Amino acid sequence: MKTQLAIWAGKTAGTLSQIMGYGGSTIPGVVARKLDGKFLRHLRKNARSIIYITGTNGKTTTANLITHLLESSGKTVIANREGSNMVTGISATMVRNAPIIGWMMNDVAVLEVDEASLPKAVLECPPDYLILTNFFRDQLDRYGEIDILIQKMKDCLKSINVKLILNADDPFVHRFSDLRKEMIYVGLSANACRFHSYNMGESKYCPNCQRELSYSYIHFGQLGHYYCSCGFQRPQPTISAEKVFQGKKGIHLILDGEKYPTTLMGKYNAYNAIFAISVCKALGMESKAIRKGLMSYQKADGRMQEFSIGNETWKLNLVKNPAGGNVTLAEFFQSKEKKQLIFCLNDLLADGEDISWIWDIDMELANQEEVEVFIASGKRAYDVALRLKYAGIDEKKIIILTNLKQAVLYAKRMGFPAYIMATYTCLSPLVTTLTGEEEMLKKGDGYFGTFTIPFLPRHFKPLRGQRKYYLLKEAVRMEGNLSSYRRNQEP
Ligand SMILES: [Zn+2]
């Protein structure tokens with residue numbers, strides 16, 4: 001009964017906060033936990049399988065992909081799609097999905113979990129499967145050292161019965177092997193594909209003997225085929241991609257001789273795809289169904305998202321740490337076309353308040369002839385500009401526009417495709433602006449802009465997922481004409 005009350009209160013609080021325009025994706029969780037501290041434990045009994053995904057990079061894409069694959073095979077899935085991956089966010093997801101009366105009965109819960117929140121989440125709601133993607137230096141202001149973090153994560157797993165799905169290519173992740181659980185290793189064969197190489201990451205040393213690790217093959221960062229004279233070495237993967245190549249619509253993977261085409265752009269997504277494939281196989285999904293699901297997957301906003309602006313294809317990718325920044329640059333510079341690079345950096349809580357990580361990105365990679373303009377944008381645009389300058393980029397090419405919309409409009413006037421890397425809180429305004437620009441070009445002068453209705457209740461199903469509406473000229477009466485409005489908006 002207590003749990004039921006907590007759920008009702010959580011749901012009510014969530015709806016109220018939406019009506020008042022606060023959004024507040026974790027509020028239902030915060031309220032429910034206040035009323036019943038054990039409510040996750042109670043809800044836990046009702047999902048048949050719980051999958052956690054944690055690690056520095058690739059959590060959201062892997063979680064979204066697994067959710068899509070399972071749903072496409074007819075399973076009912078709970079997922080924290082909004083990426084609210086701390087314990088309150090997970091609680092909020094559970095509250096939202098719980099029925100008004102009775103217990104929820106779902107096949108699978110797919111939950112992205114923040115690394116630092118894992119011990120608490122495991123204690124309250126132990127998973128059946130845990131996917132560990134990789135560990136790169138990430139938001140040290142929140143975590144402290146990687147080694148301490150890994151030890152805490154390992155400790156919390158000791159006493160529970162869980163199947164681990166581990167990245168064999170990451171020596172950090174391999175440290176979880178000594179937990180002696182049931183394990184599935186995934187990895188990429190040597191020469192499966194060529195990633196743009198950059199400076200080695202932070203895991204150069206053997207966790208057993210502290211000697212420097214040797215590599216027979218490096219994919220990127222510290223990921224690769226590593227070994228040490230003491231015997232610590234990359235385990236033989238259970239599932240490994242022999243080949244990864246970039247097709248027109250996405251990457252293709254060859255696993256055990258079977259081809260898996262996907263809609264994911266960027267070769268570094270190969271790991272995310274293999275994680276998703278391996279957990280779905282473990283849950284009994286057939287290869288054929290997995291293949292079909294991979295082809296119908298639509299990626300989340302801001303993940304190598306493409307926009308058609310005039311005759312150009314613009315690209316937008318989320319960046320939140322040096323490793324992510326480096327793979328993004330490597331992807332961006334696969335094509336040698338004339339381009340402009342936009343780096344949008346905010347320092348709000350969700351982005352990580354410490355932005356010193358931008359100094360660990362190899363921005364020197366971006367110092368290429370084909371880049372005509374570098375635009376530094378976001379709240380910390382000046383820091384970006386300074387970083388670019390220290391990467392040896394000609395000052396005359398660097399433009400500072402803190403306002404994201406102005407940065408987009410400036411780039412649009414240049415007439416080259418723009419490649420945009422952006423931190424978390426820049427994504428949503430950028431996607432809105434870019435979709436607006438796309439629509440404006442498609443619809444001509446009648447188009448005014450997009451807006452989102454802030455208080456549409458989540459349970460109003462017919463309109464769910466369609467929260468963007470387009471205002472046409474005929475529909476709005478405005479003072480003055482639209483072109484003067486637009487002129488005023490430009491820098
Ligand atoms: Zn060693």
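Both counts, for ligands and for their atoms, begin at 1 and track the order of listing. In this chain, residues are counted from 1 in sequence order. Quick caveat: nothing in here was measured; it's all calculated off a predicted structure.
The aromatic rings of Tyr390 and Trp359 sit perpendicular to each other, their planes meeting at more than 60°, with 30° as the lower class boundary. The aromatic rings of His174 and Tyr226 lie tilted to each other, with the angle between the two planes from 30° to 60°.
Exactly one of Val113, Val87, Asn85 qualifies for a side-chain contact (heavy atoms from CB on, under 4.5 Å) with Leu118. That residue is Val113. Each of Lys315, Glu337, Lys339 was compared with Tyr419 under the side-chain hydrogen bond (donor to acceptor under 3.5 Å, both in side chains) criterion, and only Glu337 meets it. Among Lys397, Lys338, Lys336, the one residue that satisfies the salt bridge (charged side-chain N to carboxylate O under 4.0 Å, His left out) test with Glu370 is Lys336.
Inside a sphere of radius 2.8 Å centred on the Zn ion (ligand 1), the protein N/O/S atoms present are Cys206 SG, Cys209 SG, Cys228 SG, Cys230 SG.
Taking the six-membered ring for Trp and the full ring otherwise, the centers of His219 and Tyr268 sit at least 6.0 Å from each other.
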